[in-house]
Asker: 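Mind having a look at this structure? Questions to follow.
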Amino acid sequence: MSASETSRYVRLRVDLVLEVTERDRLTDAALRRIKDDEFMPEEERAHARAAVREDEAEALAYLVEPFQLIGEVPGVELVQASWSSERSAYDPDVDAWHLDEEDFDEEEDGDADADEEAGDAEGGGAEGGGAEARARLL
C-alpha cells in the first residue's frame, strides 16, 4: 500500500480501568446478553455462561461493544475491532496510573516508530487487556 492509501486508516487505542461495584448486576447483564445472542452456538453459550459467572472481566468482555462507540462518529467506517478484558491490580495512589499530557506525548512518539516498523498487519488483536479498533476514513 502506498503512503496515501495507508493515511486513510487511523488506529484508535483506548485503555479503560473500570471498578466493578455490583458484581451481580454485571453478571446478570452479561448472562442476558449471552441468552439473547441468536448466533451463538449452544456449546459456546454454555462455556460463556460459566466464564461470566466465574470472572467479572469475562462479563465485561460480553457487554462492551466497540461498534457502538464508533457507530455515531461521522465520516468513518469501522473496519476491524478486537477487545479483551482482564483483572487489573489498580492502585489510584501509584503515579504509574496517572495519565497526563507528558504520558501521551511519549506514547505517541514511540507508537509512531513502532507502527512504521510493524506495518499495518491484518488480524491484530488487543493483547493484554487493551482495546483496539481500526476505522477507515471516508
Side-chain angles (χ1 to χ4, degrees):
M1 251 186 226
S2 72
S4 63
E5 289 173 322
T6 59
S7 66
R8 294 178 19 178
Y9 294 90
V10 175
R11 183 180 306 237
L12 173 66
R13 292 188 176 140
V14 179
D15 194 8
L16 304 171
V17 177
L18 305 173
E19 178 182 4
V20 176
T21 58
E22 297 182 53
R23 179 189 172 135
D24 291 341
R25 289 186 67 198
L26 174 67
T27 301
D28 290 346
L31 290 171
R32 277 192 305 277
R33 171 73 59 92
I34 292 166
K35 178 185 174 196
D36 294 342
D37 186 344
E38 61 188 57
F39 299 108
M40 186 181 293
E42 192 55 42
E43 184 177 302
E44 185 179 333
R45 191 181 314 271
H47 173 74
R49 284 187 200 117
V52 160
R53 285 184 180 114
E54 184 177 315
D55 187 355
E56 297 94 346
E58 289 289 336
L60 273 168
Y62 280 96
L63 294 170
V64 171
E65 185 61 60
F67 301 101
Q68 292 173 344
L69 176 67
I70 301 299
E72 300 298 319
V73 176
V76 298
E77 176 184 332
L78 185 61
V79 175
Q80 179 181 8
S82 63
W83 65 100
S84 64
S85 61
E86 65 184 7
R87 291 177 185 251
S88 176
Y90 176 70
D91 183 351
D93 296 327
V94 174
D95 287 339
W97 286 97
H98 295 212
L99 295 177
D100 59 24
E101 288 183 25
E102 289 179 18
D103 292 335
F104 288 112
D105 291 343
E106 291 173 13
E107 200 172 287
E108 287 174 6
D109 292 343
D111 286 347
D113 294 340
D115 288 344
E116 285 178 21
E117 291 174 15
D120 189 13
E122 288 292 324
E127 300 296 324
E132 174 180 306
R134 293 185 184 149
R136 184 176 77 205
L137 302 179
L138 298 177

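This structure is a prediction, so every number in the text was calculated from the model and none was measured. Values below: every heavy atom of this structure, side chains too, minus hydrogens, waters and symmetry copies. Sequence positions, counted from 1, serve as the residue numbers for this chain.
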Asker: For Leu12 versus Ile70, what's the shortest heavy-atom pair and its separation?
Answerer: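 That closest heavy-atom pairing would be CD2-CD1, 4.0 Å.
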
Asker: To check you understand the geometry: which heavy-atom pair defines the closest contact between Thr27 and Ala59, and what is its length?
Answerer: CA-CB, 4.5 Å

Asker: Give, for atom CZ of Arg11 and atom CD of Gln80, the distance between the pair rounded to the nearest 0.5 Å.
Answerer: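 Between Arg11 CZ and Gln80 CD, I get 8.5 Å after rounding to 0.5 Å.
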
Asker: Would you give the length of the straight line joining atom CZ of Arg33 to atom CE of Met40, rounded to the nearest 0.5 angstrom?
Answerer: 9.5 Å

Asker: Using 0.5 Å steps for rounding, measure from the CG atom of Asp24 to the CD atom of Glu56.
Answerer: 9.5 Å

Asker: Once rounded to the nearest 0.5 Å, what's the spacing between atom OH of Tyr90 and atom CG of Leu18?
Answerer: 10.5 Å

Asker: Over all heavy atoms of both residues, which pair between Ala81 and Pro66 is shortest? Give the atoms and the distance, please.
Answerer: CB-CB, 4.1 Å

Asker: For the pair Trp83 (side chain) and Ala61 (backbone), establish whether a donor and an acceptor sit closer than 3.5 Å, ignoring hydrogens and angles.
Answerer: yes

Asker: If you count the non-hydrogen atoms of other residues, nucleotides and ligands that lie under 6.0 Å from CD in Glu42, is the total more than 12?
Answerer: yes

Asker: Would you check if Leu16 and Val64 make a side-chain contact, meaning some heavy-atom pair closer than 4.5 Å?
Answerer: no

Asker: To the nearest 0.5 Å, what is the distance between CG on Asp28 and CZ on Arg23?
Answerer: 11.0 Å

Asker: Taking C-beta and beyond as the side chain, do Leu78 and Val73 meet within less than 4.5 Å on heavy atoms?
Answerer: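 No, too far: nothing below the 4.5 Å cut-off.
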
Asker: Quick test of your reading of the model: are Arg87 and Glu54 salt-bridged, counting only N-O distances below 4.0 Å?
Answerer: no

Asker: Does a side-chain heavy-atom distance below 4.5 Å link Leu31 with Arg49?
Answerer: yes

Asker: What distance separates Arg45 CZ from Lys35 NZ, expressed to the nearest 0.5 Å?
Answerer: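 Taking CZ in Arg45 and NZ in Lys35, the distance rounds to 10.0 Å.
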
